[in-house]
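Read the structure below first, then the notes.
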Amino acid sequence: MSVTHLGMPTVPGKGNIVEPSPFPQVAELELGKIQMRTNLARATSTIRGKRLARVAEVPNWEELRDHGSAVKTAVMDRLPELLEQFEHNVTARGGHVHWARDADEANAIVARLVEEHAPVLDTGRREVIKVKSMATQEIGLNEHLEEIGIDAYETDLAELIVQLGHDRPSHILVPAIHRNRREIREIFLREMPDVDPDLTDDPTALAEASRKHLRRKFLSTPVAVSGANFGIAETGTLSVVESEGNGRMCVTLPETLITVMGIEKILPRFADLGTFMQLLPRSSTGERMNPYTSFWTGVTPGDGPQNVHVVLLDNGRTRALADEHGRQALHCIRCSACMNVCPVYERTGGHAYGSVYPGPIGAILSPLLTGTDAGANDTLPYASSLCGACYDACPVKIDIPQMLVRLRNEDTETKARKTGRLPRTQLDAALTAASWVMSDGRRMAVAEKSLPLAHLLTGPEGIRSLPGVAGKWTHSRTLPQPPEQSFRSWWKKERGTR
Amino acid sequence: MSPQTARAEVLARIRSALRRDDAPAGSASAEPSGPAGTSAAASAAAAQVGPAPADPGPHPDGDALIELLTDRLLDYDASVSLLTAAEVPARIAELLTGARTIVAPHDLDPAHLAGLTAEVLPDSADAPLDLATLDSVDAVVTASTAAVADTGTIVLSGPQCGRRAITLVPDHHICLVRTADIVNRVPAAVEIIEERGLVEHPQTWVSGPSATSDIELERVAGVHGPRTLDVILVTG
């Protein structure tokens with residue numbers, strides 16, 4: 001890592017941000033799931049079209065991206081002061097601010113607050129309702145609460161599908177994107193005790209089933225847990241951007257509201273929303289605006305929760321911040337545009353990345369939060385063809401391809417330091433040889449003379465298996481049959497006489 | 001470890017990450033001073049960034065602005081009518097045909113609800129209705145703070161819009177928007193919220209009825225919030 005100064009050592013984050021097995025291995029398993037790939041290809045192509053259409057409507061989109069990026073850069077530069085200002089304003093308006101160094105500390109704070117404010121039910125357990133939040137998924141809050149006797153009910157439709165299906169989220173915005181309507185109907189019929197047995201797979205009917213299933217919980221549960229899309233330093237205002245109204249239910253009806261927010265989610269001023277509320281909805285769901293956005297500032301007597309808490313979470317964010325290039329990964333507003341345009345994500349799906357942050361942003365954010373030595377997070381920066389589509393789609397212009405290359409370099413150097421030398425691979429040897437051949441026209445001409453023979457030996461079905469390191473290529477693809485002649489010999493024959 | 005330790009440590013980690021190790025130890029909790037100090041941090045950040053991009057145009061006004069908002073709201077499956085203040089009560093009565101009980105903010109202009117056969121339950125922060133009552137009413141009628149034509153967004157904040165729960169629990173929301181409160185793009189609505197001193201007041205931005213895109217990324221109406229949104233644009 002590029003921590004060259006003599007400051008404090010950085011502290012890695014933990015939780016659900018670690019790829020357990022090397023990406024290529026998991027990806028290969030995931031690629032075999034034909035239904036998942038079909039669902040995903042359909043969904044991502046739909047959302048790509050919608051996003052492009054909605055972005056094209058905004059004449060100053062590029063200016064907005066530049067402004068959003070500049071605001072986030074300024075936030076990182078002044079993060080300590082902005083967090084203190086935010087804390088001061090939340091507290092001044094009757095809210096409570098907690099700080100958590102890592103996942104365990106955040107989980108413990110939330111658990112203590114729930115135990116203080118949620119009653120033990122007849123079942124002997126406590127209940128909280130939740131609005132979808134990446135931060136709480138990252139720290140594994142639901143699992144932690146379950147262990148200590150607290151059931152956390154996800155209320156976002158897609159999160160509900162994932163929870164009822166005993167599944168894992170595969171996308172940060174649409175966690176059940178890998179499921180189609182037929183599969184969702186089956187999950188509901190199996191897992192919702194009071195569901196109509198004649199439920200169809202019409203999305204409207206499925207949405208209605210979720211409404212009925214959660215209604216009583218919303219009206220009776222006294223504690224809710226949320227994340228936050230933005231926290232405004234100058235006012236102490238928090239916000240949740242959503243579609244269904246489950247977020248409004250959670251941040252409005254319970255008596256106690258606990259919000260877990262990464263320290264990087266700060267915006268300096270309320271006016272900054274003028275930019276970010278244009279960038280976020282169009283980039284995420286491809287809508288001009290999401291149906292509902294809630295803003296609350298501390299406690300408002302007579303309106304909404306009277307016991308308001310916010311947990312400010314580090315969990316590796318300061319580690320990413322210490323990398324002056326990697327820092328920009330903290331600009332992410334969790335829109336998911338990068339995964340929707342990524343050719344790798346579209347094929348492997350989100351589960352292949354292990355971390356709750358999949359896709360291009362996940363491939364840089366997870367290793368930046370944990371270090372490349374956590375689990376197989378060193379394989380994530382290679383989960384990309386470096387095509388650059390993610391950079392073009394990012395509403396705050398995070399240069400993901402550049403970071404992927406930097407992390408690959410860091411990974412190679414870390415391993416070289418361990419072994420005392422840069423590894424000499426077959427690929428290095430092959431490239432050295434190729435360089436020798438290609439750097440001289442005569443050598444190249446000699447090499448090309450082998451083409452007609454290779455053409456004859458291969459046959460039209462191509463090459464299915466190459467030896468050595470080159471076998472990695474043919475492991476998952478077929479190399480086309482080599483041509484009968486090179487371009488140079490064709491040119492010589494056709495035009496050489498002139 | 002104590003909570004204060006976590007706070008001090010996270011702030012120290014951030015300062016270290018930003019190569020600001022020269023900051024004196026413990027300064028995280030000390031009262032800051034100077035232009036980069038805590039109370040001025042947001043303004044200093046804003047000064048560093050410079051002004052937000054100006055509205056690039058086109059700048060529709062009058063009927064064009066109303067048309068744009070109407071188009072966006074219809075796209076979200078809301079209903080829209082454009083009326084004078086005098087025509088509003090009849091339209092509300094028509095939309096509430098068959099309704100027995102409705103809720104309205106205590107501060108809503110009672111003239112809008114003249115001629116209603118349904119019982120009107122007033123709600124305010126001082127005398128809030130309970131959730132069971134809100135769950136049993138047929139509809140809610142409120143005013144609004146501002147509307148963004150470009151995105152079809154209605155901002156609810158302040159006494160005439162009521163407590164957040166009343167526009168959430170009932171299944172049918174009738175919302176009045178003064179045509180004078182329609183702006184072109186999002187930043188102009190943010191300015192209105194600031195000018196009217198509503199920033200720290202709870203706000204809900206509503207763009208159409210409750211919907212989800214969670215199933216195959218198709219927007220379908222009707223999950224937890226009001227499934228019917230009727231917007232009345234009031235001229236004059």
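Reminder, nothing fancy here: chain letters follow the sequence lines and each chain counts from 1.
- If you measure heavy-atom distances from A:S210 to chain B, the contacts under 4.5 Å come from both the backbone and the side chain.
- Using a 4.5 Å heavy-atom cutoff, the side chains of A:R288 and B:D75 are in contact.
- Contact between B:A41 and A:Q85 at its shortest, heavy atoms only, is CB-OE1, 3.5 Å.
- B:R20 has a carboxylate O that lies under 4.0 Å from a charged side-chain N of A:E81, or vice versa, which qualifies the two as a salt bridge.
- The shortest side-chain heavy-atom distance between A:F295 and B:I193 does not fall under the 4.5 Å cut-off.
- In this structure, the portion of B:Q48 lying under 4.5 Å from any heavy atom of chain A is its side chain and not its backbone.
- With a 4.5 angstrom heavy-atom cutoff, B:V220 touches chain A only via side-chain atoms.
- Interface remark: B:S157 contributes no atoms to any contact with chain A (heavy atom separation under 4.5 Å).
- For B:V155, no part sits under 4.5 Å from any heavy atom of chain A, backbone or side chain.
- Side-chain contact annotation: B:S210 with A:E244, donor-acceptor N/O pair under 3.5 Å absent.
- In this structure, chain A has heavy atoms under 4.5 Å from both the backbone and the side chain of B:Q203.
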Criterion side-chain hydrogen bond (donor to acceptor under 3.5 Å, both in side chains) on B:E216 and A:N180, from CA distance to verdict: CA-CA 6 Å; B:E216 299 175 13; A:N180 64 25; 5.3 Å; no
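- The residues A:R54 and B:D150 are annotated as not salt-bridged, no charged nitrogen and carboxylate oxygen being separated by less than 4.0 angstrom.
- B:R13 is not listed as a side-chain neighbour of A:R319, based on a closest heavy-atom distance of 4.5 Å or more.
- Between B:H201 atom NE2 and A:D303 atom CG the span is 6.5 Å, to the nearest 0.5 Å.
- At a 4.5 Å heavy-atom cutoff, the contact between A:L214 and chain B is made by side-chain atoms alone.
- Between B:E9 and A:D314, every side-chain heavy-atom pair lies at or beyond the 4.5 Å cut-off.
- In this structure, B:I14 and A:L83 have side chains that are in contact, with non-hydrogen atoms separated by less than 4.5 Å.
- Rounded to the nearest 0.5 angstrom, A:E183 CD and B:I215 CD1 are separated by 12.0 Å.
- Between B:V186 and A:L273, every side-chain heavy-atom pair lies at or beyond the 4.5 Å cut-off.
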Under the side-chain hydrogen bond (donor to acceptor under 3.5 Å, both in side chains) rule, what do A:T300 and B:R164 come out as? Steps first, then yes or no, please. CA-CA 11 Å; A:T300 306; B:R164 285 171 289 169; 5.2 Å; no
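- Side-chain atoms of B:R19 come within 3.5 Å of backbone atoms of A:A322 as a donor-acceptor pair (strictly under, hydrogens ignored).
- In this structure, no portion of B:A188 lies under 4.5 Å from any heavy atom of chain A.
- Residue B:H106 places its NE2 atom among 12 or fewer non-hydrogen atoms of other residues, nucleotides or ligands, all under 6.0 Å distant.
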Only distances under 3.5 Å count here; give the side-chain donor-acceptor pairs of residues 53-61 of chain B to other protein atoms, sequence neighbours excluded, each with its distance to 0.1 Å.
unit_1 : atom_1 : unit_2 : atom_2 : d
B:D55  : OD1    : B:G57  : N      : 2.9
B:D55  : OD1    : B:R185 : NE     : 2.9
B:D55  : OD2    : B:N184 : ND2    : 3.0

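- Both the backbone and the side chain of A:P203 come within less than 4.5 Å of a heavy atom in chain B.
- Of the listed residues (B:L156, B:I166, B:T212, B:T153), the greatest number of heavy-atom pairs within a distance under 4.5 Å of chain A belongs to B:T212.
- Side chains of B:S213 and A:V174 form no contact here, defined as non-hydrogen atoms less than 4.5 Å apart.
- Counting only heavy atoms from C-beta outward, the side chains of B:R7 and A:L312 never approach each other to under 4.5 Å.
- Salt-bridge formation is detected for the pair B:D171/A:R211: a Lys NZ or Arg NE/NH1/NH2 atom is positioned less than 4.0 Å from an Asp or Glu carboxylate oxygen.
- B:P209 touches chain A through its backbone: at least one of N, CA, C or O sits under 4.5 Å from a heavy atom, while the side chain does not.
- Using a 4.5 Å cut-off between heavy atoms, B:T204 contacts chain A through both its backbone and its side chain.
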